[in-house]
Asks: 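The structure's right below; bear with me while I get my questions together.
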Amino acid sequence: MFRLAQAITHIVIVILLTHEKKFEAATHPLSLRIYWVVNFVIIGFFAASAITRLVSSNESHLEPSLRMDDIFSLVNLPLSIFLLIVALQGASGLSLRESEEVVSSATHSYQPVLTDPNVSAYASASLFSKAVWLWMNPLLTKGYKSPLKVDDVPTLPPEYRAEKMSEVFEMNWPKPDEDCKHPVLITLIRSFWKGIAITGFLAIIRLSVSYVGPLLIDSFVDFTASKKKGSSLYEGYMLVLVLLLAKIIESLSSHHFNFECQKLNMLIRSSLIASLYKKGLKLSCSSRQAHGVGQIVNYMAVDAQQLAGIMSQLHPIWMMPLQVTTALALLYGYVSVSMLAALAAAIALGIFLLSRTRKHNIYQFSIMISRDKRMKATNEMLNNMRVIKFQAWEEHFNKKIQSSRESEYGWIGKLMYSISLNIALLGVTPIIISALTFSAAVFLGITLDTGKVFTVVTIIKILQEPIRAFPQALIQLSQAIIALKRLDEFLTSQELDDNSVERNEGCDSNIAVEVKGGKFSWDDGSNEEVLKVLSLEIKKGDLAAVVGTVGSGKSSLLASILGEMHNISGKVRVCGTVAYVAQTSWIQNATIQENILFGLPMSRERYKEVIRVCCLEKDLEMMEYGDQTEIGERGINLSGGQKQRIQLARAVYQDCDIYLLDDIFSAVDAQTGSDIFKACVMGALKDKTIILVTHQVDFLHNADLIVVMRDGMIVQSGKYEKLAESGLDFSALVAAHESSMELVDTSDMSGDSPNLSPEMTVDSSGQGDCDDQKKSLARSKSGKGTSKLIEDEERETGHVSMDVYKQYWTEAYGWWGVAVVILMSLLYVLSMMSSDYWLSYQTSAEGVFNPNLLISVYWIIAAVSGAVVMLRSILVAFLGLKTGQSFFNGMLHSILHAPMSFFDTTPSGRILSRASADQLNVDIAIPMFMSMMIIMYFTLLSIIFVTCQNAWPTVFLLIPLLWLNIWYRGYYLASSRELTRLDSITKAPVIHHFSETIAGVMTIRGFRKQSTFFLENIYRVNANLRMDLHNNGNNEWLGIRLELAGTIFLCIATVFMIVLPSNIMRPENVGMSLSYGLSLNAVVFMCIYMTCSIENQMVSIERIKQFTNIPPEAAWRITDSLPPLNWPSNGNIELKNLQVRYRPNTPLVLKGLSLSIQGGEKIGVVGRTGSGKSTLIQVLFRLVEPSGGKIIIDGIDICTLGLHDLRSRFGIIPQEPVLFQGTIRSNIDPIGLYSDEEIWKSLERCQLKDVVAGKPEKLDAQVVDGGDNWSVGQRQLICLGRIMLKRSPILFMDEATASVDSQTDAVIQKIIREDFAACTIISIAHRIPTVMDCDKVLVIDAGLAKEFDKPSHLLQRPSIFGTLVQEYANRSSA
């Protein structure tokens, strides 16, 4: 009757489902879903009863009706589980297309992500397809035929994309009134509780069926023993059927648990990255400085990953007591109170592992801190490599990085040896707990037989998993708690107050910018005023100039108008849209055109006009790909002037109402500055409101309002004439400028300025200069027909080369190390097998059972196994550590010795990803995986040997099983390997874009472009996560197939055990075979999975190898060619037919320069764009090697010297002032060669003593990342202070005072004249008065020395130099 009622019910359900299809119902009816859940519970109870009867019944046969019920229940169980999953999901899948359209329309703004038709097949897969991962087949087929490319991998389903996850995360973020201590954790639980519940349910199913196999061992042994008494084969077949169903359910639940956990990890990481990025766009300046750019990037790259990973580790924590209780209850059924010995051993082991876990937490935390320090130092080195090479500081930074690495390596060593101890202990746990349990049983007089012994052994092996997983879960939990605290701190950091500035874009007021009673601070938590503006009004259409000495608060005034400062009190009102050009250029890694458009559509007419007024036409003409030339990371292939003008062009193209321009003329020469001022400031922007921070007094006559600042306050304001008569600060600035102009006026009086023909007219911009090297770099790529300077990241395809494996295996101690590891692994597996053979022999029916002998020998075997596994674990850890350190040293050495061209064309993100994630794999993951793989393969061989030894016909199944596994491995690995590589390649752009955004956040916020950048981040995150989803799907696709193949092999072997005659198949052999065979499917999968995982992990070795073989620059030191200690003593420089090109087969940049500079001469260098000025300095430092000719300095050819012997003897003040994170002392004297007294004297000479002495920490005053807490002018003065300490006989200056006012410039020039009177100085300068003071001027044009003479001589005849002087004089008198 029950089955009849069920049949009628199923007919009704089929009719109902037919109606669902007709009406396109999106979800199944609630009543139907409840029925399926109840049906599962009932069928589950029936199936459990059937299994219990089969296991416990000793009768030869059961009642026919009961037997039929049992078969019906067991067959019905998989269907009821399937229907339960359908009930929990609820969706019918009939209106998927419509729901996708709804999602698409709801998230229409997130373009171009959703327009891609190549959506993952997972989105529309049926339940059966999802159950066995059939939806992966198209991608696997494509990957098998040819290596996968980025575009081959389908995009994420709409509901899993980063934009959706960001919305969910934001929606569940605790409200302010909730007063939540851990907002990130609460938000994650609220957002993903369904996923956590589903994975928990799958974990319970997996646990339930995992004990069915061990319980059947005793039944199989009893059945084999009772065959002699005529036992029916039916019972044996039923046992095999139950085993098959249990193993299938176990495989499905296990792999779905893994996949759902990985999917949950992916979604959590996606939501965290999007939220961290959004937070980064809102951070206040003090919060940003408190965290630091490197640390903020770490939150995304490391902490988000660790917090996402904890979700799969939550379940072992709450399941461990349940698993142990179940196992102990089952043990009690077989060995009674002897199971207390197992309980005691498990508790002791758990306590020991818990104590080790606490140690691991300390080690992990210390590793994290050391790695953070190492990565921060590496990042700082990469960002400033040009300055480091100029100053020959590579060894200093090498020591700094190696110091952090030594600390990290020490902690990694402690962690690895500690883990080795755990692995060794867990390896012998089953045999030790078994020995204790059997000893207790023998002591208590409990009878031990074959079935009982091997059932107990198998249950104890299962018990090993929760004991192992629990401490590991606690380790990950502790890591996640640390990450959680860091993310809580960051995501609750102070944000910019959007209400600090009143913004009205369409107001009718005549006032464009108004500040009343304003008091501002850079620190959110402090009311210390750094800027005080009582009253400031700037009318619409006015040009307001802001002037003042270095550190007077000019840039802070602009920041207060942008809303970047903490508003302590007062009111700021801005009427109209705002454009901002920062003093320190921020350029994106994109084409010039993309940088200028900045997200706006192309208007060809306006674009051409912007290029013209920003004086970029000549630069673009000289670039082979014009505005399609890709700009390198941080604008590395552009000169400072080009970066500044592209920034200006970006602002002008935005067509805003108000323009905040921060010292835009500091990086350009007089003529270019005049052209920009006339064409752009007074031309294209004539109707706009402009606030111009400048040191150029020449332009102030045109200002409608001049604001003079001192010590963070406005001390004067008004028109030029009024302020000039006041006799205060402004008069001092003007006087300093006029005194500097006297030289020009005097020179101009000496003769009429010559009129040059048009072809002789010159753009002398040293920053109008494209850095010649960078241009040549761009050209050198032209042979490939591409405008990209930064090439797509190199990646291998196909199999990882055996050379890579060989290099890893033999890096530490050659093949001897490999041989010893393999031998120790074999001995360990053999010792474990011997324990089982001993049990089988002693418990056989024919053997004379001697309990004392059984236990004694068993304990000896346990001791030997423990010793072997301990030695093996320590050896693996030792070899792994040595190998990891060897690879790290090789990579660091190669990078430090790489030529500058490598850093110009390689984004730092590529190097950092190898130094962090890839190095972590080499240090920890690969040794552990390699060790586990060797053990797994020996374990697989032992299982096959034992199974085939007892069920010999299964030998014939080995060949097809082996072929199937090899075929599946190859089919899977073709895609898996490429997906892993693509995952690494798509991860770097996410990190790079994040760090680029944080660096330029002030500009992004100034233009109100936060939403555009957020969408770009979403696009990059989605591109990376789709690799994640399909890689996870790929793993489970392989796993389920290999486990099912292993299950079928096991069940066929079990059938043979049942069918073969009892005189061949002995009960003790059946027990041992099943004890081994039950783990066959899992071990087969683990072997192939480990092999594939290692192949994927070896990609890290492959990537590191790419950076250990970088063609090096010349040797740092040549012992046979050391210069004298006092070299260069005179400073004589002679160039003989000097020729330079940047790449073979590219045109010469310097075409045979020949000139002689006497010691102590001051040489000024000018020339047109790309003429070779920057190249001259670089070749003198040998950042570029000469292609021909010689450079003789004090009688020595510099090409015969080591690079450090050469560079360390010169001094240079680069154009872009670079400070390193640390203190004033560590910046002015990085290597620690000078006393405090000498440092103070140097600071006094460079006008910084009062500023530094005013800081509470004095010389230990903090310098944050990039020196952002010091003004650009102050940074330049600190760089000057370095050179004053060094006192090199030859000094190179690349516009060393571009960012300081005329007054400070005059003082510095005077100091340089006095302090470096005996030195040879070569100076590229845009301020003509600076050049006029030189002994000689060198004019370089088209790579040739066109003019080289005294300034007065050049002015007495028609010359290029004379034209420059006239242009500067005309501008100043205009």
Asks: Taking side chain to side chain contact (heavy atoms under 4.5 Å, CB included) as the definition, give me every residue that meets it alongside T584, ordered by chain and number, with sequence neighbours left out.
Replies: V1272, R1275

Asks: With sequence neighbours left out, what residues match E1244 under side-chain hydrogen bond (donor to acceptor under 3.5 Å, both in side chains)?
Replies: none

Asks: Would R1117 and E395 pass as an ion pair if we require N to O under 4.0 Å?
Replies: yes

Asks: Which value, rounded to the nearest 0.5 Å, describes the distance between M381 atom CE and H396 atom NE2?
Replies: 12.0 Å

Asks: Nearest 0.5 angstrom please: L648 CG to I664 CD1, how far?
Replies: 5.0 Å

Asks: For residues 1332-1355, pull every pair meeting ring-ring contact (aromatic ring centres under 6.0 Å, His included), keeping only residues two or more places apart or in separate chains.
Replies: none

Asks: Cut-off 3.5 Å, side chains only: do R386 and Q391 have a donor facing an acceptor?
Replies: no

Asks: Considering only NZ, NE, NH1 and NH2 on the basic side and carboxylate oxygens on the acidic side, decide whether R1182 and E1113 come within less than 4.0 Å.
Replies: no

Asks: May I ask you to test the L1233-L1285 pair for a side-chain heavy-atom distance under 4.5 Å?
Replies: no

Asks: For residues S1154 and N1137, is any side-chain donor paired with an opposing acceptor at under 3.5 Å?
Replies: no

Asks: Do the side chains of I1283 and S1288 get nearer than 4.5 Å, heavy atoms only?
Replies: no

Asks: Check this for me, if you would: do E394 and R1207 make a salt bridge, where the nitrogen-to-carboxylate-oxygen distance has to be below 4.0 angstrom?
Replies: yes

Asks: Which residues satisfy the ring-ring contact (aromatic ring centres under 6.0 Å, His included) test with F1210, sequence neighbours excluded?
Replies: F1181, F1292

Asks: Side chains of I592 and I631: closer than 4.5 Å at any heavy-atom pair?
Replies: yes

Asks: So which heavy atom on D675 is nearest to which on C615, and how close?
Replies: CB-SG, 3.6 Å

Asks: Any chance you could measure D1349, atom CG, to L1354, atom CG, to the nearest 0.5 Å?
Replies: 5.0 Å

Asks: I1321 versus M1293: any side-chain heavy-atom pair under 4.5 Å?
Replies: yes

Asks: Might you point out which heavy atoms bring Q647 and W586 nearest each other, and give the distance in Å?
Replies: OE1-N, 3.1 Å

Asks: I'd like to know if the side chain of E1161 pairs up with that of Q1158 as donor and acceptor (distance under 3.5 Å, no hydrogens or angles considered).
Replies: no

Asks: What distance separates S555 OG from D662 CG, expressed to the nearest 0.5 Å?
Replies: 3.5 Å

Asks: State, to 0.1 Å, how close Q583 and Q644 come at their nearest heavy-atom pair, and which atoms those are.
Replies: O-NE2, 3.5 Å

Asks: So, using side-chain hydrogen bond (donor to acceptor under 3.5 Å, both in side chains) as the criterion, who are the partners of K1162 when residues are at least two apart?
Replies: none

Asks: Return the minimal non-hydrogen interatomic distance between A545 and L700, and the atom names on each side.
Replies: CB-CD2, 3.5 Å

Asks: State whether K554 and D663 are salt-bridged, where the test is any N-O pair (Lys NZ or Arg NE/NH1/NH2 against Asp/Glu carboxylate O) under 4.0 Å.
Replies: no

Asks: Show every side chain to side chain donor-acceptor pair (under 3.5 Å) that has at least one partner inside residues 1186-1197, sequence neighbours left out.
Replies: none

Asks: Under the criterion side chain to side chain contact (heavy atoms under 4.5 Å, CB included), which of N1132, I1133, I1193, N1130 is the partner of T1320?
Replies: I1133

Asks: Counting C-beta onward and ignoring hydrogens, is there a side-chain heavy-atom pair between L1338 and V1166 closer than 4.5 Å?
Replies: no

Asks: For the atom pair CD (Q1178) and CD1 (I1212), what is the distance rounded to the nearest 0.5 Å?
Replies: 8.5 Å

Asks: Please state whether the rings of W393 and F1220 are parallel, tilted or perpendicular, taking 30° and 60° as the class boundaries.
Replies: perpendicular

Asks: What is the distance from atom CD1 of I646 to atom OG of S585, rounded to the nearest 0.5 Å?
Replies: 9.0 Å

Asks: Going by heavy atoms in the side chains, are N383 and V1218 under 4.5 Å from each other?
Replies: no

Asks: Does I1191 reach the side chain of V1179, with side-chain heavy atoms less than 4.5 Å apart?
Replies: yes

Asks: With the side chain counted from C-beta on, respond yes when L616 and I596 share a heavy-atom pair under 4.5 Å apart, and no when they do not.
Replies: yes

Asks: Taking V1140 as the fixed residue, which of L1150, L1176, L1153 is the one that meets the side chain to side chain contact (heavy atoms under 4.5 Å, CB included) rule?
Replies: L1150

